[in-house]
Structures are given as structure tokens and as C-alpha cells.
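So the structure is just underneath, and the comments pick up after that.
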Amino acid sequence: MAINNKPTITDRADINCLRSQMEQRAQWFSFILAEAKSKGIDLDDICREAIFKVGCFRGADMAANFKDKGDLLEVAKYFQEHPNAIAFEKEFAEVTPKRLEIRHHHCPLVSGWQKAGVDEETISKYCEIAMCGDYGMFTNVKDAKFTLSSTIADGDPDCTLILEKTK
């Protein structure tokens, strides 16, 4: 696997600052897990559960502003208007009432781990743990199933997040 995670939008100071903050959080995460592991402590499952809860918390905040908690068009609008849309270089590949597909073409978290010297196998694991937040966030979208179909951390060209209506 070879991770390709080069941003194409690099001339925005505000976005570069936002990315830097995300990179630093990813680095904190990696150093905490590595330090725990060096002391014989495995925090992976604890991190998955805690990050899932953070996602649920953030998702409840997000959905509180929606008129219809299951409206994928409202979900898309929320993400399109958020600065993270630029930081992650999001492409809204499909936006319909029944299906939302968002492709992230850059990941500041992966950049942070790369800059910290984390190997690709571990980056993939950290990504899987971090994505628990997305799974938690999307539990707040009524009657929708969340799928992560590809990740930059696994060598894919993008992270593809899909929400599909179940009813």
C-alpha cells in the first residue's frame, strides 16, 4: 500500500491553519497510543468507544438544526457549508434524498500521522479508530445507513463516505 495524500488547495491561510490543528490532534492521538503501548496498555478499544461517543455528541449538535432528522439533503448542505469541506477537499459525488456520497480527497489526520513518522499499517489502524467518530455522528441521521467504502489511509485515492436511506 502506498498512501497518496497531497492537498491540491494550498493557498488558503485559513484552511492551512485548520489543517494544522487537525494534524496536531492526530499527532497527540498517535503519541498517546504509542506511549500507552510502550507501557503495555492497549487503548484501541477504549479510543474506539470514546471517539464513537464524541461522534454521537457532534452528530446530535449537527442534527439539532435539521427540520427533518433524516433528510440527506440537509446533511449534505451542513457539510457543504462547513470549512472542513475545503480542508478535506470534499467532493459531493451524489446528493439525492436517498443517497449521499462524499469523497474526501485529502486527510489532515493522515498528514499529521505521516509527519509524526507513523508507518502506513499503523496509520490505517488509527484511521479506522478515528472513523468511529463518523459512525457515531451518523447515528443521528434518522433511517440512514453509513458506509465507509474507501480510505486514503488504506492507499485508496479518497475516503468515500456513503449515507443511504433505509426507509
Side-chain angles (χ1 to χ4, degrees), residues 1-59 62 75-76 78-80 82-94 100-141 145-164:
M1 147 177 82
I3 295 174
N4 181 11
N5 187 44
K6 302 286 185 223
T8 59
I9 301 167
T10 58
D11 60 347
R12 298 253 326 248
D14 59 336
I15 298 304
N16 292 338
C17 181
L18 180 60
R19 285 179 175 152
S20 178
Q21 292 168 348
M22 287 185 240
E23 289 174 2
Q24 185 179 50
R25 289 182 188 118
Q27 292 163 352
W28 289 342
F29 179 72
S30 68
F31 282 99
I32 289 168
L33 289 182
E35 190 63 26
K37 186 175 183 177
S38 76
K39 295 182 176 12
I41 303 167
D42 184 350
L43 294 176
D44 292 3
D45 289 339
I46 291 167
C47 288
R48 282 182 186 87
E49 292 171 24
I51 291 169
F52 180 83
K53 288 177 183 176
V54 169
C56 291
F57 177 77
R58 289 186 55 232
M62 169 191 73
V75 175
Y78 172 85
F79 284 108
Q80 288 167 331
H82 199 282
N84 281 356
I86 300 168
F88 283 87
E89 300 190 10
K90 294 181 183 184
E91 170 194 357
F92 293 82
E94 186 174 347
L100 173 60
E101 180 177 323
I102 305 171
R103 296 180 188 154
H104 298 68
H105 294 289
H106 174 70
C107 181
L109 299 171
V110 170
S111 290
W113 295 323
Q114 289 174 312
K115 288 176 182 177
V118 178
D119 66 81
E120 290 188 348
E121 183 179 334
T122 305
I123 288 174
S124 177
K125 180 179 88 168
Y126 288 171
C127 173
E128 180 266 319
I129 294 170
M131 289 301 297
C132 290
D134 294 276
Y135 282 95
M137 182 176 6
F138 293 125
T139 62
N140 290 276
V141 181
K145 177 187 173 205
F146 172 65
T147 306
L148 177 64
S149 69
S150 65
T151 67
I152 291 168
D154 285 331
D156 297 313
D158 55 52
C159 296
T160 302
L161 288 68
I162 300 169
L163 274 173
E164 293 180 290

Can you establish whether the number of heavy atoms outside Arg48 located under 6.0 Å from its atom CZ is more than 12? yes
Atom pair CD/OG of Gln27 and Ser111 - distance to nearest 0.5 Å: 9.5 Å
Residue pair Phe79 / Ala85: nearest heavy atoms and the distance that separates them: O-CB, 3.3 Å
Inter-residue atom distance Lys37.NZ - Ile32.CD1, 0.5 Å rounding: 16.0 Å
What do the steps show when you test Leu109 against Ile123 for side chain to side chain contact (heavy atoms under 4.5 Å, CB included), and what is the final call? CA-CA 9 Å; Leu109 299 171; Ile123 288 174; over 6 Å; no
Please report the shortest heavy-atom distance between Trp113 and Ser30, naming the atom on each side. CD1-CB, 3.7 Å
How about Phe146 and Tyr135: are their ring centroids closer than 6.0 Å? yes
Got a sec: does the CZ of Phe57 have more than 12 other heavy atoms crowding it under 6.0 Å? no
To the nearest 0.5 Å, tell me how far Ile152 CD1 sits from His106 NE2. 7.5 Å
Return the CD to SG distance between Gln114 and Cys107, rounded to the nearest 0.5 Å. 9.0 Å
CD1 (Ile9) and CZ (Arg19) are apart, to the nearest 0.5 Å, by 6.0 Å
Decide yes or no for Pro83 and Asp14: does some side-chain heavy atom of the first lie under 4.5 Å from some side-chain heavy atom of the second? no
Can you tell me how far CZ of Arg103 sits from CD1 of Ile162, rounded to the nearest 0.5 angstrom? 8.0 Å
Side chain to side chain contact (heavy atoms under 4.5 Å, CB included) evaluation trace for Asp134 with Leu148: CA-CA 9 Å; Asp134 294 276; Leu148 177 64; over 6 Å; no
So which heavy atom on Leu100 is nearest to which on Ala76, and how close? CD1-CB, 3.7 Å
Minimal heavy-atom distance between Gly59 and Met137, with the atoms involved, is CA-CG, 3.5 Å
pair Thr8-Glu89: side-chain heavy atoms closer than 4.5 Å: yes
Any side-chain heavy atom of Met62 sitting closer than 4.5 Å to one from Val141? yes
Name the orientation class of the two ring planes belonging to Phe88 and His104 (parallel below 30°, tilted from 30 to 60°, perpendicular beyond 60°). perpendicular
Between Asn16 (side chain) and Asp11 (backbone), is there a donor-acceptor pair under 3.5 Å? no
Between Met131 and Leu161, is the side chain to side chain contact (heavy atoms under 4.5 Å, CB included) condition met? List the steps. CA-CA 10 Å; Met131 289 301 297; Leu161 288 68; 4.3 Å; yes
For Cys56 against Thr139, the heavy-atom pair lying closest together: SG-OG1, 3.7 Å
Whether over 12 other heavy atoms sit under 6.0 Å from Phe31 CZ: no
So Glu49 and Lys53, salt bridge (charged side-chain N to carboxylate O under 4.0 Å, His left out) or not? Walk me through it. CA-CA 6 Å; Glu49 292 171 24; Lys53 288 177 183 176; 5.6 Å; no
Test Asp158 against Glu91 for side chain to side chain contact (heavy atoms under 4.5 Å, CB included), laying out the working first. CA-CA 10 Å; Asp158 55 52; Glu91 170 194 357; 5.6 Å; no
